[in-house]
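In what follows, a structure is listed as structure tokens, so that the remarks can point back to it.
Just so we're on the same page: letters track the sequence lines, and every chain starts at 1.
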2 protein chains.
Amino acid sequence: MPAEAQPQSYRFADTLKRLLRRNAGPAIRKILRRTHPVDLAHVMGRFLIQEQLKLLPNVGDDERQAEVVASMAMTDVEALLHEMPTERAVAVLSAMSADDRTDIMGAVDEELAGRLLSAMPDAESHEVAELLRYDEATAGGIMSPEFIAIPQDTTAAEAIAMVQDSADVEMAFYLYVVNEHGVLSGVLSLRQLVISRPAKAISEVMDPHVLSVRTDEDQEEVARIVSRYDLLAVPVVDDTNKLVGVVTVDDVLDVVREEATEDILKMAGAGEQFEDRPTVLGSLWRRAPWLAVAWVGGIAASFVIGRFEGTLQKYVVLAAFIPIIVGMAGNVGTQTLAVVVRGLATRRIDVKQFWKVVGREMAVGVLLGLAFGAALGGMGFVEVRSEPGVNALMMAGVIGAAAAISMVIAATMGSVMPLILARLRVDPAVATGPFVTTAIDVVGVAVYFNIVVFFL
Amino acid sequence: MPAEAQPQSYRFADTLKRLLRRNAGPAIRKILRRTHPVDLAHVMGRFLIQEQLKLLPNVGDDERQAEVVASMAMTDVEALLHEMPTERAVAVLSAMSADDRTDIMGAVDEELAGRLLSAMPDAESHEVAELLRYDEATAGGIMSPEFIAIPQDTTAAEAIAMVQDSADVEMAFYLYVVNEHGVLSGVLSLRQLVISRPAKAISEVMDPHVLSVRTDEDQEEVARIVSRYDLLAVPVVDDTNKLVGVVTVDDVLDVVREEATEDILKMAGAGEQFEDRPTVLGSLWRRAPWLAVAWVGGIAASFVIGRFEGTLQKYVVLAAFIPIIVGMAGNVGTQTLAVVVRGLATRRIDVKQFWKVVGREMAVGVLLGLAFGAALGGMGFVEVRSEPGVNALMMAGVIGAAAAISMVIAATMGSVMPLILARLRVDPAVATGPFVTTAIDVVGVAVYFNIVVFFL
């Protein structure tokens, strides 16, 4: 049960370390052979490279070693491959699926990649070079070039023989049918093949309405297609509609997870993705630019308030309401942003519905503004009542109105900004959080003090 | 190509509406038959119920109609089933997979559910009742009870015959092997079966190390297992290890997407999920509670500032720096929160590493605080220099120190709060955004004015 393997991993690693110190080969082998390669991959990072080198051969055959390495964190893989004898590294890489092999070759440093590529069989190194041409975040970048392509004039019996011969294709549940030029012409499931009469022509069994994506299709769009149509894999074709690869649902699942993480981190202005080994300096580097944006906005807000120093001198109690007015607007802005950015990402919101979305969000902002503005006005009246020389009712009205108006503006900005970005084909998640909250800070204080000056 | 179907959907719906008005049956049928059921489901919401009732029979046989209905928004499904003749509704539901059918029966109102269930074949209504017993967000709630279970003493040839006979099992790529009590004992892929010698016993071909989940396993954990081990499906077993269902990867993909949306919306305090038909009042209702939290915090902040009215009266320029000090701290807090909450959700951060995570985030906070505190102090010096009766250097130091300290506190709160929630087994995303930013607002002004009073 994997559910148990994970919590135990500290203890698991400790046990292995003890056995390594004792050079207890057979015991190590016994433990490693009965553990899932993915679980082994997750504990590998806890060992020194020299220990990893000792552990790996005990995991099992090249296939199993490849499964472990393919699931390890990329920085660990790079370090490990550096220290492995070239022929062992190549053997493990060869036992991997082509897409995993390519991901690794694209991520390690050039010297290492060059050394390994030149030691690989020509067919494999060519394949890696071919695949590395595609942008990482496209269908071509995540596809596997290993698939079963059946010529359309084959019979069911011949097709079954082809499946039996193609041992190293991962997850063969869809079989793709191609014409004499390798152009994709249909699809059938392994199961449909099994149920077909042996003499039947594949072209009669297959479904000619096969969904496919182009090599340059964005991986998010590939994920959307796979999840929309509940597919297990989607074939990838080149400009001439020739079948060149397959994206399987397990890779799509990774894409969906990564994109969600990216959206969350981007919205908060905290980078784009998690690092394998997070460092304090790395975090600093990723977060500082967005804080700099907020800093500039804050300075702008301080200049705005500075302009109203005379007013503040007269009604110093006004200062007490700066955080709540700015804060409420910021919260409404964040709520609106989250709904619109995620709505766009999941295609629940269509960029074309600009006015519908903005109108709805503004309506929500107006109602929230009225409710919380009134509440703040009431509270303001209580706080201000005892101040000397102040028209408490007027003051309360001003505070409430400022809160309400800045909340409406915040809801408007929170919906307009991501929609405009999406129209410009910029990812609407790009640190919209810091941008919008900062803009709201400035607008909030400006609204507040202008209303104050106007009415008092 | 699905990529084209979606943008066209406005025009697509308009064309269909025109044909409906003209009663152009054959033309409608032609269009509907060549459109993917999922695409049809997505445009159905644009039609009146009476139009939907006319369109549905033209989609194709019951299977295809079922595919359309199963992919429609639940509120539309409910409205449509209400208006459909009972026997048609039951025919369409019967043509659906059991998990889709159960989702619908669990979502529609009781009167409708009762009417449809009593009109269904007994076997189906019993199955629905069985499945509805499981919590929606567990393995039992998302599993399909249709799977191919092969007795372990079968031969490969007999197993192939079983696959050929079980036509209505969706996505049969794994075959599960059970003992005489129905207890799960192994797994093999359809492909392994196809390559096996016909006379070979299944127990020799299967992999006895089969991963499974219990019916009450949380759907997020199921999703994590499927994506960790790159599975296409995971078998679900009851307390006695008896195989009762299968969760397929397409359902897992939906879970991953929904959970990510939930995290984003929760963090922003904007509800938990998108509504099928978002309404202004619904949004109001979901967002108001979190704004109320922020409101209370804002009032607290205003009382804190109120206590320092004398100080503010003397140094009114201090008010200008309230938004930037509170804002910078808020931004650091949000960044930290996003990293920690998402890290916990994706298991990149382990709750047990409490001090490691908090220490790291505090270190980042200290460095960011030093950098931006110094910058703000410098800027403050420039702004304050010309004020009469103010020690500009002292004032600048105070402003910078206040910014730095509140940023460190913000980083600490942003990491401690979600970790504590996770330890208490509460979802760390629960509107941590509004809670933390509000707490930071109060702490920020308190730090600021206390430092001011101490030094000036």
Does any heavy atom of chain B fall under 4.5 Å from the side chain of [X], the backbone, both, or neither of them?
X	answer
A:E361	side chain
A:S227	both
A:E383	side chain
A:L376	both
A:I322	side chain
A:V445	side chain
A:T336	both
A:V304	neither
A:A161	neither

Between [options], which shows the greatest number of heavy-atom pairs under 4.5 Å with chain B?
options	answer
A:V317, A:I299, A:D254	A:I299
A:I325, A:L291, A:T346	A:L291
A:A319, A:A375, A:A300	A:A375

Do [X] and [Y] pair up side chain to side chain, a donor and an acceptor below 3.5 Å, judged on atom types alone?
X	Y	result
B:D251	B:T248	yes
A:D441	A:T438	no
A:Q273	A:T261	no

